[in-house]
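Labels below follow one simple rule: chain letters A, B, ... track the order of the sequence lines, proteins then strands, and each chain is numbered from 1.
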Protein chains: 2
Amino acid sequence: MPATPSPAVEDIVEALRARGARVTTPRRLLVECLVRAGGHRTAEELAAEVRSAAPDVHLSTIYRNLEELEHLGVVSHAHLGHGPAMYHLATATHAHLVCRGCGAELEAGPELFADLAREAMARFGFQVEPYHFAVVGSCERCRRALGSDPVP
Amino acid sequence: MPATPSPAVEDIVEALRARGARVTTPRRLLVECLVRAGGHRTAEELAAEVRSAAPDVHLSTIYRNLEELEHLGVVSHAHLGHGPAMYHLATATHAHLVCRGCGAELEAGPELFADLAREAMARFGFQVEPYHFAVVGSCERCRRALGSDPVP
DNA sequence: GTAAGTGCAAATGATTTGCAGATGT
DNA sequence: ACATCTGCAAATCATTTGCACTTAC
């Protein structure tokens, strides 16, 4: 009973079918969750959301489908810290600044990495994808709280 | 029987003692390994090296000591991919570019992140430590091999 | 002597895998 | 029909923790 089948959902389902993959209930529900979520979710969170519509869907099914969708290029995942990976639509890709002190996450667009990307390409022929891992550091508040780092 | 007690080892051992920590055999051996290694090592690799001198040292002891040394500021660790964490002396800190295709690692100095760091500070008051996670991307060879990415 | 450190075994958390049965096409 | 998917249980991998025993100081 999902109210409004988002257009994006149909596009993705279509891509799955085109690939010869089958469109099953758990798979469709997962895609709907990802589209509805917008931002990033852990596999466990996605499983919980999917289960609210189909209680028997197993975590391993979520992982298998996320992997499938990742191969398809529809989904990607990022590691924001020591916890579980975060999954999101490839279209919602963005970099993260994560504070080591309080865990706060800041989102940043690709511009932040423009210079880094250019340098890496010029010096190493290396094409940066700055989205897979977070950039760790400390936010203003935490630096003040600790007071240990004399800001350069 | 370690041949030449590196000066750095003694400095670190001294710092441990100053902190009230005890200087045990596994601890001293671990510090020696880290100094000798220069580059990064997994906990498992360090355990293997330590065991060649003291066979009963347990992995958990290695982890506990790495944590201790990290609190002391002597050691830090980085995540270069989906495998285990890499540990190294804090003085040997550097950023990594890891190729998603072939796993090749390139080391880069802090200059690569100068612009990113400045921007993050200016825009978010966020102090970047670009060493905890690798920067993922693809090296020239892999991009050519796949041929899929028309380089911009 | 005594608290910090150690070895071991068992727990944890995230993710993966093998397999028998269910299901989309 | 038949391969693909799924649910489940068990395995794996990196890391952590509880506990009784050692050891540095």
Margin query: In this structure, how many angstroms lie between the P atom of D:dC5 and the CD1 atom of A:Ile62, rounded?
Written below: 15 Å
Notebook entry, point to check: Counting only heavy atoms not in A:Arg123, do more than 12 fall under 6.0 Å of its CZ?
Noted result: yes
Next item on the list: Give the rounded distance in Å between these two atoms: NE2 of A:His77 and P of C:dT16.
Entry: 8 Å
Item checked: 5' precedence on DNA chain D between B:Ala21 and B:His82 (nearest-nucleotide basis) -> B:His82
Notebook entry, point to check: Looking for any heavy atom pair under 4.0 Å, which part of the strands does A:Arg28 touch: base, sugar-phosphate only, or nothing?
Noted result: nothing
Next item on the list: For B:Leu59 and D:dA14, give me the distance from atom CG to atom C1', rounded to whole Å.
Entry: 9 Å
Next item on the list: Between D:dC25, C:dG7, C:dT15, spot the one nearest the side chain of B:Arg22, thanks.
Entry: D:dC25
Next item on the list: Please check the phosphate of C:dT16 (OP1 and OP2 only) for any side-chain N or O of A:Tyr63 closer than 4.0 Å.
Entry: no
Check: Nearest to the side chain of A:Thr24 - D:dC25, C:dG24, D:dT15?
Finding: C:dG24
Next item on the list: Report yes if the distance between the aromatic ring centroids of B:His132 and B:His77 is under 6.0 Å, otherwise no.
Entry: yes
Notebook entry, point to check: What integer distance in Å separates A:Arg17:CZ from C:dG24:P?
Noted result: 11 Å
Note to self: Under a 4.0 Å threshold between the charged nitrogen and the carboxylate oxygen, would A:Arg144 count as salt-bridged to A:Glu140?
What the structure shows: yes
Next item on the list: Using the six-membered ring wherever Trp is involved, compare the ring planes of B:His82 and A:Phe133 and label them parallel, tilted or perpendicular (cut-offs 30° and 60°).
Entry: perpendicular
Next item on the list: Map B:Thr25 and B:Tyr87 onto DNA chain D by nearest heavy atom, then report which one ends up closer to the 5' terminus.
Entry: B:Tyr87
Next item on the list: Could you tell me the separation between the CD atom of B:Glu68 and the C1' atom of D:dT16, rounded to a whole number of Å?
Entry: 16 Å
Check: Considering heavy-atom distances to DNA chain C, does B:Gly20 or B:His58 have its closest nucleotide positioned more toward the 5' end?
Finding: B:Gly20
Next item on the list: Calculate the interatomic distance between B:Glu67 atom CD and C:dA4 atom C1'; express it in whole Å.
Entry: 15 Å
Next item on the list: Between D:dC8, D:dA24, C:dG7, spot the one nearest the side chain of A:Arg64, thanks.
Entry: D:dC8
Next item on the list: Specify the separation, in whole Å, of atom CG of A:Asp56 and atom P of C:dT23.
Entry: 11 Å
Check: Taking the side chain as C-beta and beyond, is there a heavy-atom pair between B:Leu69 and B:Leu16 under 4.5 Å?
Finding: yes
Checklist line | Nearest-angstrom distance from the residue atom CG of A:Leu66 to C1' of C:dT17 | finding: 17 Å
Check: With a non-hydrogen cut-off below 4.0 angstrom, is A:Arg27 in contact with a base, only sugar-phosphate, or nothing?
Finding: sugar-phosphate
Notebook entry, point to check: So what does A:Ser60 touch, heavy atoms closer than 4.0 Å: a base, only the sugar-phosphate, or nothing?
Noted result: base
